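This report concerns only the one structure given below.
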Amino acid sequence: MMKIGYARVSTHDQNLDLQRDALKQAGCEKTYVDQASGKTMERTGLERALDHLRPGDTLVVWRLDRLGRSLKHLIELMSDLEQKGISFCSLQESINTASPGGKLVFHLFGALAEFERNLIRERTQAGLVAARARGRNGGRPRALTRKQEELALKLYQERQHSIREICGLLKISKPTLYEYLHRLQAVPTSRQPS
C-alpha cells in the first residue's frame, strides 16, 4: 500500500513547494504535478498519478480544489477511485476515504451535487414557463434584426451574391442564414448548395 501525491498550481508563477512539502510529510512516496488551470481538461500529471495507483493505494492531495475541475468532476474521480479500491486523502479538509467518516463526506457531496442539478433544472423550467406566460420564448437571441432578415432574403432572391458573400456581409454562418431563409419560406428544408 502506497501513498501517491498529486499537486497542482494554476500558473507557472505559483510555487509547488508548499504542496510538495505537505505531501512528503504525509508519507507520499511519489508526487505527480501539473501547472495548469483547474478548468483545463488535459492534466498529464494527474493522469500519470492515476495510472500509477493500484488497489490498496491512497491518492493524497493538499487541498480538494487541487484535484477536481468542479464538484461533479471531483465526485466522478472519487467514484472511480472507490471502484478501483483506491483510497483518497485531502490534507487541508482532513478527508480520508479509508475511514467511514471520509466515505460519508463524499456520499454527502454526491447527494448535494445531485440536489444542485435538480434545483437548476427546476429553476430553468420555471423560468421558461414564466417567460412564455409573458409572451417570450427561451433560447438564444436572434442573430439578425428584421431589416437584416429582409436584406438576407432580398440578396438571396436576387441571386447576385453567393451564400458565402451574404453570410460575410451579415456576419452569420451558413446554417444561420439557411435557418432564416427557411423561416421566411424562401428555401426548402433541405439546404441548397452555396
Side-chain angles (χ1 to χ4, degrees), residues 1-132 136-141 173 175:
M1 295 195 321
M2 247 178 133
K3 286 187 177 180
I4 303 295
Y6 173 69
R8 181 185 60 79
V9 290
S10 299
T11 66
H12 292 288
D13 298 338
Q14 293 178 322
N15 196 319
L16 285 162
D17 291 344
L18 171 69
Q19 293 179 58
R20 279 188 172 141
D21 291 347
L23 294 170
K24 188 174 183 179
Q25 190 174 353
C28 292
E29 298 173 40
K30 189 160 184 61
T31 297
Y32 294 90
V33 299
D34 277 318
Q35 290 186 317
S37 164
K39 303 244 185 274
T40 302
M41 296 293 278
E42 186 179 321
R43 292 200 250 161
T44 55
L46 179 57
E47 289 169 17
R48 288 194 325 240
L50 294 173
D51 286 343
H52 192 272
L53 290 161
R54 300 291 172 256
D57 289 349
T58 302
L59 176 64
V60 184
V61 295
W62 179 63
R63 207 169 65 199
L64 278 174
D65 67 351
R66 302 296 87 198
L67 182 63
R69 294 187 307 270
S70 63
L71 179 59
K72 179 181 179 231
H73 180 241
L74 194 58
I75 290 167
E76 287 170 1
L77 278 171
M78 291 306 107
S79 177
D80 191 42
L81 291 175
E82 186 178 25
Q83 288 175 0
K84 293 178 179 174
I86 298 167
S87 297
F88 171 76
C89 179
S90 175
L91 301 175
Q92 290 295 302
E93 289 85 3
S94 300
I95 296 172
N96 185 346
T97 62
S99 71
K103 284 183 182 173
L104 174 64
V105 167
F106 268 97
H107 287 294
L108 288 173
F109 278 163
L112 288 172
E114 178 78 19
F115 179 69
E116 180 185 30
R117 282 192 298 274
N118 290 336
L119 278 180
I120 291 169
R121 189 178 310 114
E122 286 174 14
R123 279 191 225 124
T124 302
Q125 289 173 347
L128 288 171
V129 167
R132 282 188 205 111
R136 294 189 334 238
N137 289 325
R140 280 195 267 170
S173 67

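Everything numeric here is computed off the predicted structure, so don't read it as measured data.
The backbone N or O of F88 sits less than 3.5 Å from a side-chain atom of T97, completing a donor-acceptor pair. Of the possible polar contacts, one joining the R8 side chain to the D65 backbone as a donor-acceptor pair under 3.5 Å is found. Under the 3.5 Å distance criterion, the side-chain polar atoms of D57 are matched with a main-chain donor or acceptor of M2. For Q19 (side chain) and V61 (main-chain N/O), no donor-acceptor pair under 3.5 Å exists by modelled atom type.
Taking the side chain as every heavy atom from C-beta outward, L67 and L46 approach each other to under 4.5 Å. The side-chain heavy atoms of Q125 and V129, taken from C-beta on, include no pair separated by under 4.5 Å. Between Y6 and L23, the closest side-chain pair of non-hydrogen atoms is not below 4.5 Å. Looking only at side-chain heavy atoms (C-beta outward), K3 and E29 stay at 4.5 Å or farther from each other. Between L50 and L77, the closest side-chain pair of non-hydrogen atoms falls below 4.5 Å.
Taking OG1 from T44 and CD from Q35, the interatomic distance works out to 10.5 Å, rounded to the nearest 0.5 Å. With rounding to the nearest 0.5 Å, the separation of CD in E82 from CE in M78 is 10.0 Å. A distance of 4.5 Å separates CG in L64 from CD1 in I95, rounded to the nearest 0.5 Å.
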* Could you go through the side chain to side chain contact (heavy atoms under 4.5 Å, CB included) check for V60 and L91 one step at a time? => CA-CA 7 Å; V60 184; L91 301 175; 3.9 Å; yes

